[in-house]
Amino acid sequence: MSEKPKLHYFNGRGKMESIRWLLAAAGVEFEEEMIETREQFEALFQDGNLPFKQVPVVEMDGMKLVQTKAILQYIAAKYNLYGKDIVERVLIDMYVEGTTEFMEVIMSQPFLQNVEPGMQIDVLVQKAKMCYLPVYEKDFKERISEIPTIKAFLLPGSKRKPQPDEKYVQTVNAVLQMYYKVAFNFRIN
């Protein structure tokens, strides 16, 4: 039996959450090493584990995987969750790309500093209603939520992370020390 995958990320959802969801869908247990200090982040970088100077990192099958999309594709292929043919794979890729774009909008919200607070939510809601939410109809959410491994992941006490709070934002900012300040200091179009 192979070792459990080990996830390196902050103690929050962010870019690791879709990876957690996919592992849960595959019924794969995993371990997590939370990055809470700049020193931990620097150690990953110094060890050559962050070729793009960013997390998440997933240790799996003797590899240290980076880049969220590549990690997701690897896990999906490994556990036969990446469609039975090219048509199913392209449909999966379309939903993954749409979800990724939507999540980037949501993930940036706690870090936006130069936008009026009311406007942040208004812009997010407007963009969600226009672009993303129509794709995920109620029947889709209910169907996915009934998959036993996903249902277990959604229960209290699972490895699912809570919504980002001030502590999470402070930790990420302290660890990254402005690496991404420019990336999060923008207005959403």
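Count residues from 1 along the sequence.
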Notebook entry, point to check: Thr149 side chain to Ala24 main-chain N or O, any donor-acceptor pair under 3.5 Å?
Noted result: yes
Note to self: If you apply the rule side-chain contact (heavy atoms from CB on, under 4.5 Å), what do you find for Leu176 with Phe41, and how did you get there?
What the structure shows: CA-CA 8 Å; Leu176 298 180; Phe41 182 77; 3.7 Å; yes
Margin query: Looking at Glu33 and Leu7, would you say the former's side chain and the latter's main chain have a donor-acceptor pair under 3.5 Å?
Written below: no
Check: Out of curiosity, Asn173 CG to Arg38 CZ, how far, rounded to the nearest 0.5 Å?
Finding: 11.5 Å
Checklist line | Where Ser158 and Ala152 come nearest, the two heavy atoms and their spacing | finding: CB-O, 3.6 Å
Notebook entry, point to check: Does the side chain of Asn11 come within less than 4.5 Å of Thr171's, by heavy atoms?
Noted result: no
Item checked: Side-chain heavy-atom pair Ile147, Lys151 within 4.5 angstrom cut-off -> no
Check: So, does Asp61 use its side chain to make a donor-acceptor pair with the main chain of Met63 at under 3.5 Å?
Finding: no
Next item on the list: With the side chain counted from C-beta on, respond yes when Thr99 and Ser18 share a heavy-atom pair under 4.5 Å apart, and no when they do not.
Entry: no
Item checked: Spacing of Lys15 atom NZ and Lys69 atom NZ [to the nearest 0.5 Å] -> 11.5 Å
Next item on the list: Please round to the nearest 0.5 Å and tell me the distance separating atom OH of Tyr74 and atom OH of Tyr82.
Entry: 14.5 Å
Note to self: Tell me the closest heavy-atom pair linking Arg20 and Gly12, and the distance in Å.
What the structure shows: NH1-O, 3.1 Å
Check: For the atom pair CG (Leu155) and CZ (Arg160), what is the distance rounded to the nearest 0.5 Å?
Finding: 10.5 Å
Check: Counting distance only, does the side-chain N/O of Tyr9 pair as donor-acceptor with the main-chain N or O of Met34 below 3.5 Å?
Finding: no
Item checked: Side chains of Ile75 and Ile19 in contact at under 4.5 Å (non-hydrogen atoms) -> yes
Item checked: Lys64 NZ to His8 NE2 distance, which is reported to the nearest 0.5 Å -> 6.5 Å
Margin query: Please determine whether a side-chain nitrogen of the Lys or Arg among Lys4 and Glu29 lies less than 4.0 Å from a carboxylate oxygen of the Asp or Glu.
Written below: yes
Notebook entry, point to check: Does the side-chain contact (heavy atoms from CB on, under 4.5 Å) test come out yes or no for Val55 and Leu50, once each step is laid out?
Noted result: CA-CA 7 Å; Val55 288; Leu50 301 177; 3.8 Å; yes
Item checked: Passing option when Ile71 is tested against Val57, Leu65, Leu22, Leu23 for side chain to side chain contact (heavy atoms under 4.5 Å, CB included) -> Leu65
Note to self: If you apply the rule salt bridge (charged side-chain N to carboxylate O under 4.0 Å, His left out), what do you find for Lys161 with Glu32, and how did you get there?
What the structure shows: CA-CA 12 Å; Lys161 301 299 176 201; Glu32 296 187 83; 3.3 Å; yes
Notebook entry, point to check: Which heavy-atom pair separates Ser145 from Leu154 by the least distance, and what is that distance?
Noted result: OG-CD1, 4.0 Å
Note to self: Rounded at 0.5 Å granularity, tell me how far CD in Gln54 sits from CZ in Phe45.
What the structure shows: 11.5 Å
Checklist line | Glu97 (side chain) donor-acceptor with Met94 (main chain) under 3.5 angstrom | finding: no
Next item on the list: Cation-pi check, Lys159 to Phe153: give yes when NZ or CZ is under 6.0 Å from the six-membered ring centre and within 45° of the ring axis, no otherwise.
Entry: no
Notebook entry, point to check: Checking Glu88 side chain against Lys84 main chain: does a donor-acceptor pair fall under 3.5 Å?
Noted result: yes
Item checked: Donor-acceptor pair, side chain of Asp47 and main chain of Asn49, under 3.5 angstrom -> no
Checklist line | Flag side-chain contact, heavy atom, 4.5 Å: Pro56 against Val66 | finding: no
